[in-house]
Each structure stands twice: as C-alpha cells, then as structure tokens.
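Have a look at the structure below before the remarks.
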Amino acid sequence: MENHKNTPFNSPNGDKENEELNHVWNLAESAYSETEISTEQVEEALQNVHSRIDDSGPDYSSNQTSSQERYWLYARYLVAAAALITFGLYFLFTPIHISVPYGEMATIELPDGSSVELNSGSELTYSRFFGRADRDLTLNGEGYFSVEPANAPFRVKSNGTVTEVLGTQFNIRSWRDDPNSETVLTVTDGKVDFFAERSEHHKVTLTAGKLSRWNLEMEIPIVEEPLNITDRIGWKENRLIFKEQSLIVILHELERRFDTRISLEVPGAGLDTLTAYYAEPKSVAAVLEDISTVKGFRFAETANGYRIFK
Amino acid sequence: MKDIDHEHIRQWSEAIRQSDRNAFDDLFRHLYPGLVHFAMRFTKQKPAACDIVQDTFVILWSKREEIDPEQSLKAYLFKIVKNRSLNWLNKQVNNSEPLEDHMLHLVSDSEQTNSSAETLSSNFKNWIEELPVRQREAFELSRFDGLNHDEIANVMNVSPKTVNNHIVAALSTLRDRYNHYKQG
C-alpha cells in the first residue's frame, strides 16, 4: 500500500477536519488484509486465461455454451493448465538472455517499464521474476539504461562491477574482452551508486555529467568529469567516437558495429592509441583507410573481413 | 507512483486494443492480485474470486477492439468484476445450496477476527464492515484498491462528488468509532 501525500478526499468542514480524517485514513491501512497471491499463482492464472483465449477464438463473447459443455471445457482447461504449469515452472527459472548480433543495435523494454539500448554484440541477462523480487541484471558490452523509479533498486552487474540506482539514466561500457578489463559508467541524469563487486563498501556516488571507471587493479572506482558527456553515448546515434583509445579497443568496436573480422598483423601496434570522430561512418573500409593513413599501415579485404599490415 | 501507474495502464490499454498479447500479460500481472482481492469482498472465497477475475480478462481480450483509451481501463475491469461477483452471489442464492456455506464462511471469518479482537487492525476491519454499503464500497475502492474518484464514480455509477461525500462520511464514522475506542 502506498501512502498518499495528497489524501484523495476533501471535507467540506475545512482543514482541521481534513487533518483528523487524514489520520484515520492512515490508521485504516491496518485493516487491509491482503490475501496472499504468489507470482506462481498469477502466472498459473495467466496461462489459464491464455488457453481459454486461444481455445475460444476471436468470438468468445458471443459463444453461449450449455453448462454440460462448459463442464467439459473446464476439464480441458484443467488438463491444459496442468501441462502448462509443468512446462511453465521449468520455463520460469531459466533466465532471459538477450544477445545483440554484430552489426545491429537493440532496444529492450524491461518488465518494470525501464528500457535499455544495447550496442552491437552486447549481452544482457535477467530473471523472469525481474521487477518483482529485485531488479537485477547482468551486462557484458555497452548499454544505455533509462530506469523507471521504483522501490526496489535497479542493479547492473558487469564484469566485476555493480551499478545501483533507483530511477535515472546512465551508460555502462563493460566488455569482457577489453584489454584493460575496464568498465566505464557515465551518468546523464539523476544519481547512481557504483562499486566493485568484491568491495561493496567502497561505493562512489555519481551525479549527472560524471563518469567513473574501474578495472581489475582498482579497489575503488575513480571519478572524472568529462568535458563532453554526449560523446559517451554517441554510439546510440550510430556515431563512432574514439578518444585516445588503443587500436585493440577500436578494432573490436568496428568488428561489432560492422559485423566483420579485422586482424591486426603489425606486431606491437595493438596498444597504440588514436583519436577519431565519425558522425556517420560510411563503411568499415573508410575508417580503416583513415587509420592506415595516420599510422602508416596498409589494409586489404580478406574472405571474412580485413587485415591490417605494414 | 500513482501517475506512472495510470500512464502504464493507459499505454497497455492502447496496445491491447491493437491485439498486443504482451501488453495484455503485463496488465494481467499488474492487476490480477488486486482484482481477486476486490472480488473476494463479495464472494468471501478465493477460488470463486479467481474464476471471476480470469473470466473478466477473457472478456477483456474478446472485446479489446472496443477499448476506449481515454476511459480508465482499471475502472472498466473493476466494474466487470463487481457485476460478475454480484451475479455469482445471486446464483448462489438461487441454487440455494452454497448460500449456507457462504454464510458459514462469513460467520467463521468474523469469529476469527473477534478472537484476536484487541488489535487496532481488526477493530478497523469490523468498523469498516459495519459502514453503510455505499460508503464502504467507495472507501475501500479508494483506500485499498487505489482507484481515483473518477474511476470509483464509474464503478459505482454515481458522480465523483458523491464519491467524495461517501468517503468523507465513512472517515467521519471511523474517526468517531476510533475516538470512542481510544477513550476505552
């Protein structure tokens, strides 16, 4: 039961009476005896309704059945429901796993009304009970989260870090194959708690415009205030933005974005850094051309992608 | 919270109108427990209440094209559940057999609450039960089911102003009984 700040009534006898009645209104909450209806019971009931809808076809309402027929219908529903429950229970405990193909992006609507935009190649996992007991999910990759306010904290686990919020917007970049095992959190709205999974007492709290990064060598994430926060979420608009990024990171990003394979055949060049900005990258070849020009490399197309050599 | 709740239901009802099964499922999960609880106020037993609410959702789906997104879908569902619950009660009377059961339920229920009668909570329960029917209905829909005045007006077929009057009257009675109880 929520507490109403503005109690939904208005006495004609003015404020004092309203105050008294408000007190009684609050006390009356104690009379609410909620009959326990578990999530399983709700799902069971929903399956029941599903099978009835599917059985009766589009004009259920005009179907006048005799009580005898109804009896047999119910018997059928019972058998169907039993089968569905057995299947359903198994189904309920397998988590939902979303994996965005290379070359594509995806927007996921979560059961609590929050949404996540996922960059190419990202993976997101959450339980089928998401939004009821908790709002926990796991991310490998990059996602921009818009979280609906609710009582339960919204928690994202990503490669050793935890990001915890109530309702806000933020971007997490956390690739398992990142050479520095780095997770970068950028907050565009509201307030976010961020910490390493292994030392949850060392939280940092970020507000809009702040950025935090963490890698395996750190105890506490570090906090920065980047100049241009929108660059961090430019991927959503299909932009490519690299600020002193290592070639390894850049090439991984290109592989995911353009669904291709790039092999770097220049020894020791992987950790060279590069800064580049593309508002609308035309093709992976155009980007590779630029990189090669700057670094003095050459590149060529292969059977399944590209190779870069000297 | 309230507004988000209403906004969600509005979006779902729009989607259900266009035959979106996921929106239907979301709405079901969101409202099913509350509606069963509401139906139980009439039926006093859970299995019948569950049946009635499930029937209601089957009907909603079959009439989804008639949903008016400007009207509160929540009020619409409460109204159907109420009508079907009353029909169910009538049928119990006509079939004559389960009515006694039903009365027994009622009696044993209140006995139960009397045995732990000292608590404020069970006092409030009894006081609410003893309110005039319409006052009680308006009060419970507002306090326990979270409907706003327009929605309650829709369910009860009265004006929102009457709803307010019912609720204020109910609260005044509860206040008097509470004050009386406090003074021993």
Side-chain angles (χ1 to χ4, degrees), chain A residues 1-13 17-18 20-39 41-46 48-63 74 77 109 111-113 131-132 148-151 167, chain B residues 1-2 4-5 7-8 11 21-22 24-26 28-29 32-34 36-37 40 46 49-50 53-59 61-63 113 119-129 139-140 142-144 146-149 152 163-168 170-175 177-179:
Chain A
M1 277 277 94
E2 61 221 307
N3 270 321
H4 303 268
K5 277 219 181 67
N6 305 308
T7 359
F9 58 83
N10 192 12
S11 159
N13 299 332
E17 169 142 313
N18 264 332
E20 284 178 36
L21 296 186
N22 192 22
H23 181 56
V24 177
W25 172 271
N26 289 331
L27 286 173
E29 181 176 353
S30 63
Y32 185 74
S33 54
E34 177 128 47
T35 321
E36 193 51 46
I37 298 176
S38 64
T39 317
Q41 284 173 324
V42 174
E43 293 304 320
E44 201 181 310
L46 179 57
N48 221 340
V49 168
H50 276 181
S51 57
R52 288 177 58 185
I53 288 172
D54 295 335
D55 259 14
S56 55
D59 32 34
Y60 173 84
S61 61
S62 59
N63 243 352
Y74 281 128
Y77 300 149
E109 299 289 344
D112 69 334
R132 271 169 263 277
E148 283 288 354
N151 292 328
Chain B
M1 290 302 296
K2 263 272 146 104
I4 288 174
D5 184 55
E7 182 53 26
H8 273 162
Q11 286 172 3
R21 277 288 269 269
N22 290 332
F24 178 80
D25 292 358
D26 287 343
F28 184 92
R29 294 190 176 104
Y32 182 75
V36 168
H37 198 246
M40 275 179 70
K46 196 171 163 189
C50 290
V53 177
Q54 289 172 31
D55 287 347
T56 303
F57 274 94
V58 174
I59 293 169
W61 183 256
S62 71
K63 297 193 171 169
T113 42
T119 68
L120 188 63
S121 138
S122 58
N123 274 323
F124 261 104
K125 261 178 225 167
N126 289 341
W127 299 335
I128 292 168
E129 250 171 56
F139 175 75
E140 288 184 325
S142 173
R143 185 64 186 93
F144 301 139
L147 270 65
N148 66 31
H149 285 197
I152 298 171
V163 171
N164 184 54
N165 294 344
H166 280 323
I167 294 173
V168 170
L171 280 169
S172 314
T173 309
L174 292 177
R175 173 192 54 188
R177 303 207 59 167
Y178 173 65
N179 285 340

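Numbered from 1 within each chain, the chains take letters A, B, ... in sequence-line order.
- The shortest side-chain heavy-atom distance between B/Lys46 and A/Ile37 falls under the 4.5 Å cut-off.
- A/Asn10 CG to B/His149 NE2: the interatomic distance, rounded to the nearest 0.5 Å, is 9.0 Å.
- Counting heavy-atom pairs under 4.5 Å between each of B/Trp127, B/Tyr178, B/Phe57 and chain A puts B/Tyr178 at the top.
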Q: Begin with the C-alpha distance, continue with both residues' side-chain angles, and end with the deciding distance and a verdict on side chain to side chain contact (heavy atoms under 4.5 Å, CB included) for A/Gln41 and B/Cys50.
A: CA-CA 10 Å; A/Gln41 284 173 324; B/Cys50 290; over 6 Å; no
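- Taking 4.5 Å as the limit, some side-chain heavy atom of A/Ile53 sits within range of a side-chain heavy atom of B/Phe24.
- Of the possible polar contacts, none joining the B/Arg29 side chain to the A/Val42 backbone as a donor-acceptor pair under 3.5 Å is found.
- Interface remark: B/Asp26 contributes no atoms to any contact with chain A (heavy atom separation under 4.5 Å).
- Between the B/Asn164 side chain and the A/Phe9 main chain, no donor and acceptor come within less than 3.5 Å of each other.
- Considering only heavy-atom pairs separated by less than 4.5 Å from chain A, the leading option among B/Asn22, B/Leu174, B/Asp25 is B/Asp25.
- If you take CG on A/Leu21 and OG1 on B/Thr173, they are separated by 10.0 Å, rounding to the nearest 0.5 Å.
- Of the inter-residue distances, the one linking A/Glu44 atom CD with B/Gln54 atom CD reads 8.5 Å to the nearest 0.5 angstrom.
- Between B/Leu171 and A/Glu20 there is no side-chain heavy-atom pair separated by less than 4.5 Å.
- Heavy atoms only, all atoms of each residue included: B/His8 and A/Gly113 are closest at NE2-CA, 4.1 Å.
- For the pair A/Val24 and B/Phe124, the minimum side-chain heavy-atom distance is below 4.5 Å.
- The line from CD1 of B/Ile167 to OG of A/Ser11 is 12.5 Å long, rounded to the nearest 0.5 Å.
- Residue A/His50 touches chain B through both its backbone and its side chain, counting heavy-atom pairs closer than 4.5 Å.
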Q: Evaluate the side chain to side chain contact (heavy atoms under 4.5 Å, CB included) criterion for residues A/Arg52 and B/Asp55: first the C-alpha distance (whole Å), next the side-chain angles of each, then the deciding distance (0.1 Å), finally the verdict.
A: CA-CA 9 Å; A/Arg52 288 177 58 185; B/Asp55 287 347; 2.8 Å; yes
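- Across every non-hydrogen atom of A/Asn26 and B/Arg143, the tightest pair is O-NH2, 4.0 Å.
- Distance CD/A/Glu43 to OH/B/Tyr32: 11.0 Å, rounded to 0.5 Å.
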